[in-house]
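Chain letters run A, B, ... following the sequence lines, proteins first and then strands; every chain starts at 1.
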Amino acid sequence: MNEKGKLASVVEETVAAPTPPNESASALVIAASDKAGMENVDRGRINAIILRESGDSLFMRQQRRRDGRVDVQISELKRVLANADPNWRRDHEARCDVDAAVFLAARPTRSACVVVDMDMFYMACALQSRPHLSGFPACVGHGMILTSNYRARKYGVRSAMAGWIGDKLVAELSGGKERLVHVDSDFDLYKKKSNDVKAVLTEYDPRLKMCSLDEAYMDFAPYLALKISEPEWDHDTISRVLGGVDPGGEGATVCTTGVRGVLVDPYEILSSLPERVCAAALARVVHEMRGRVRERTGLTCSAGLAPNFLLAKIASDVRKPDGQYLVSPSHDAVNYFLHPLPVRKVGGIGRVRDKILGAFGIKNVKDLYRERALVHLLFKEASASFLLRASVGCSSSDSGESDDGPQKGIGKERTFRAGQSWAETVSRLEDIALGLSEAMQKKELWARTVTVKAKLHTFDVVNRSRSVPRGVFLQSGQDLAAHATSILDEIRRDFGKEQFSLRLLGIRCTNFKDAQDGEETSIVKYLTKPRSATAAAAAQSQPSEKSPPSEKKYVDLTEESVPDPIQTAGIVSCPVCQRKFPADENDALNVHIDACLSGGLIRETVHEESLRHEQSKVAGGKRRRITDFW
DNA sequence: ATACATACC
DNA sequence: TACTGGTATGTAT
């Protein structure tokens with residue numbers, strides 16, 4: 001694609017038409033399939049096949065027990081509602097509105113948060129060495145499907161699904177014509193590829209957070225602020241400056257000409273620019289970045305661009321695969337984007353919360369906002385606050401909370417065939433302890449609390465933990481194994497030695513030693529006495545309800561959110577500087593916008609805008625260097 | 001401090 | 001036949 005067409009297509013793909021709606025099945029059992037795009041899929045047939053094939057397996061029984069527990073929880077909440085003070089709605093709503101106003105005031109007014117999500121990452125990696133597979137429904141993983149290609153997704157095959165169910169789905173829905181291909185996972189390859197991706201992304205935000213191998217959270221404010229206020233800098237220069245590297249190149253030269261010692265918040269610079277300028281520049285830069293990722297790795301990714309990460313995360317899914325979507329920061333644009341979405345789309349709302357909310361008639365985010373008083377009445381403070389935030393499109397990160405502190409726990413777990421002898425089981429546990437110890441040594445972690453996780457053959461999970469006294473820390477394989485074995489022995493005693501058949505064992509260490517904990521303590525084996533028995537509770541299973549298909553998932557944001565050449569009666573305006581062009585001279589317009597964004601006209605534009613709005617923070621010749629901020 | 005549930009990829 | 005693994009957090013006790 002030529003340079004002229006580029007921006008137009010960025011804008012186009014960023015605003016293009018909404019994708020079709022998802023439904024959300026409320027049965028926990030089936031609900032595996034509603035977070036990411038499953039369009040053109042016969043959900044009814046798929047669910048029927050999954051249910052039939054799952055039959056009455058132990059796994060399904062366990063799922064139904066969980067489902068039943070949630071039903072109990074729901075009826076308890078209904079009781080709370082029935083017994084609530086008659087004025088509950090007025091009172092809770094008042095409190096919510098105060099909180100919501102605070103949240104909204106803290107939400108950034110420019111879109112600079114970007115969530116990058118690789119498209120079907122594991123599968124895409126696998127396909128690079130097996131290109132022939134793209135013609136078949138294929139997935140990574142055997143017993144458990146980690147990811148699938150789009151061909152397989154059409155048949156309802158998706159991550160977290162049991163392998164054999166995927167086989168059945170493909171066989172049946174293709175009328176026996178197709179067969180699901182399984183590929184072994186290769187985490188060394190994924191890690192390598194992930195590092196390649198990270199290397200590219202780091203050029204745009206060296207402080208990015210990789211949330212997993214295929215997902216990154218990035219703040220583009222610094223990059224954009226530099227790009228806009230230093231129009232003559234190219235990407236390499238900006239990225240060197242961002243990284244704090246002093247290569248002695250042009251960047252360094254320009255750097256030294258700046259006003260030193262003045263800290264300027266990059267976000268402040270963006271705020272002083274028209275929102276459309278920031279949006280257009282961000283869309284363009286992110287598009288370039290995705291191109292570089294593809295060049296470097298041969299893999300495509302999708303991105304969500306928004307004023308905060310809650311919105312960016314949701315947006316990253318909208319144009320998947322290989323697309324991007326921008327949510328403008330105005331309240332109207334955010335609500336227009338967010339309100340029609342099913343609450344399940346919000347990160348942090350999973351199957352269970354979705355079902356509970358659904359039981360109170362809350363299906364989409366608008367409902368969640370409308371019923372904020374009810375939510376506040378029913379949920380604990382932390383949950384209610386989170387849900388209120390989400391319903392108005394705010395996230396805790398808006399208020400400066402950073403969740404990237406030190407690691408809080410580390411663990412290893414392994415699934416195996418149930419029904420092994422006690423000796424074998426203990427041996428498994430020791431293997432895990434050794435592996436975990438190794439990992440802790442690598443990371444120099446010392447822990448005070450050891451938790452053993454045991455999944456019974458029934459899929460019920462038991463956790464039991466033990467802490468050693470203050471000042472004592474564990475790391476060695478011997479110590480971990482000794483504690484873990486002793487804890488597991490207690491569990492076995494409490495559950496009775498016969499029916500004690502496990503399908504999974506895990507050990508997790510928490511309560512790490514930090515800097516304040518002083519010098520290294522000698523390793524002491526400290527085994528506490530066994531505690532009294534605890535019984536596992538079982539809940540009755542109950543059928544769960546279905547939710548009706550939702551109306552519309554995404555809405556077209558052309559007007560609200562995005563710089564788009566504004567067309568009125570044969571005249572088109574540049575989204576950046578509002579300069580007018582004849583509508584039939586699209587090429588000329590694109591060339592102009594390109595130049596505009598590349599910096600040539602930015603200063604002039606900014607100057608005009610600033611004069612207009614009398615907020616001349618970065619205007620004209622007295623513009624500040626922002627280099628020293630980092 | 002402990003146990004369990006929920007959520008994310 | 002057959003349903004992961006790793007980390008963090010929230011809630012209850």
Here the distance between atom P of dC3(C) and atom CD1 of I145(A), to the nearest Å, is 13 Å

So does Q62(A) get a backbone contact from the side chain of D460(A), meaning a donor-acceptor N/O pair under 3.5 Å?
no

Any side-chain heavy-atom pair of E215(A) and K313(A) under 4.5 Å: yes

Testing dA5(B), dA1(B), dC4(B) for proximity to the side chain of N511(A), the answer is dA1(B)

Rounded to whole Å, the NZ-C1' distance (K455(A) to dC4(B)) equals 14 Å

With B for base contact, S for sugar-phosphate-only contact and - for none (protein heavy atoms under 4.0 Å), nucleotides 6-13 of chain C reads SBSSSSS-

Y190(A) atom OH is separated from dG5(C) atom P, nearest whole Å, by 15 Å

(Q) Considering every strand and a 4.0 Å limit on heavy-atom distances, what is the contact class for S54(A): base, sugar-phosphate, or nothing? (A) base

**Report entry** Side-chain N,O (R344(A)) to OP1/OP2 (dC8(B)) below 4.0 Å
**Finding:** yes

Taken to the nearest whole Å, OH/Y122(A) to C1'/dT4(C) is 11 Å

5'-most contact on DNA chain B (nearest-nucleotide basis), R448(A) vs K313(A), goes to R448(A)

Side-chain atoms of N463(A) come closest, of dA3(B), dC9(B), dT4(C), to dA3(B)

In short, ring pair (Phe, Tyr, Trp, His ring centres under 6.0 Å) pairs touching residues 51-71 of chain A with sequence neighbours left out are F59(A)-F459(A)

Point to revise | Phosphate OP1/OP2 of dA1(B) contacted by R470(A) side-chain N/O (<4.0 Å) | key: yes

**Asked** Is the phosphate of dA5(B), meaning OP1 or OP2, less than 4.0 Å from a side-chain N or O of R69(A)?
**Response** yes

Assert: residue with more 5' nearest nucleotide on DNA chain B, out of V461(A) and E215(A), is V461(A)

Side-chain contact check for V352(A): nearest option of dC3(C), dT6(B), dT2(B) is dT6(B)

Notebook entry, point to check: Does a donor on one side chain and an acceptor on the other come within less than 3.5 Å for E490(A) and S486(A)?
Noted result: no

> Looking only at side-chain N and O atoms, does R417(A) come under 4.0 Å of OP1 or OP2 in dA2(C)?
Replying inline: no

Side chain to side chain donor-acceptor pair (under 3.5 Å) filter on E76(A), not counting sequence neighbours, yields none

Worksheet item: Does T415(A) make a side-chain N or O approach to OP1 or OP2 of dG5(C) shorter than 4.0 Å?
Response: yes

To the nearest angstrom, the CH2-C1' distance between W164(A) and dT4(C) comes to 13 Å

side-chain N/O S467(A) vs dT2(B) OP1/OP2, d < 4.0 Å
yes

Contacts of F136(A) meeting ring pair (Phe, Tyr, Trp, His ring centres under 6.0 Å) (sequence neighbours excluded), chain-then-number -> none

**Separation of the P atoms in dC3(C) and dC8(B), to the nearest angstrom** = 23 Å

Whole-Å distance, M144(A) CE to dG5(C) P, equals 8 Å

When rounded to whole Å, the CE to P distance for the pair M210(A) and dC9(B) reads 14 Å

**Request:** Taking only the side-chain nitrogens and oxygens of R464(A), find out if one of them lies under 4.0 Å from OP1 or OP2 of dC4(B).
**Result:** no

Applying side chain to side chain donor-acceptor pair (under 3.5 Å) to D489(A) and not counting sequence neighbours gives R492(A)

Q420(A) meets the side-chain contact (heavy atoms from CB on, under 4.5 Å) criterion, sequence neighbours left out, with F416(A), E424(A), T425(A), R428(A)

K168(A) atom NZ is separated from dC3(C) atom C1', nearest whole Å, by 15 Å

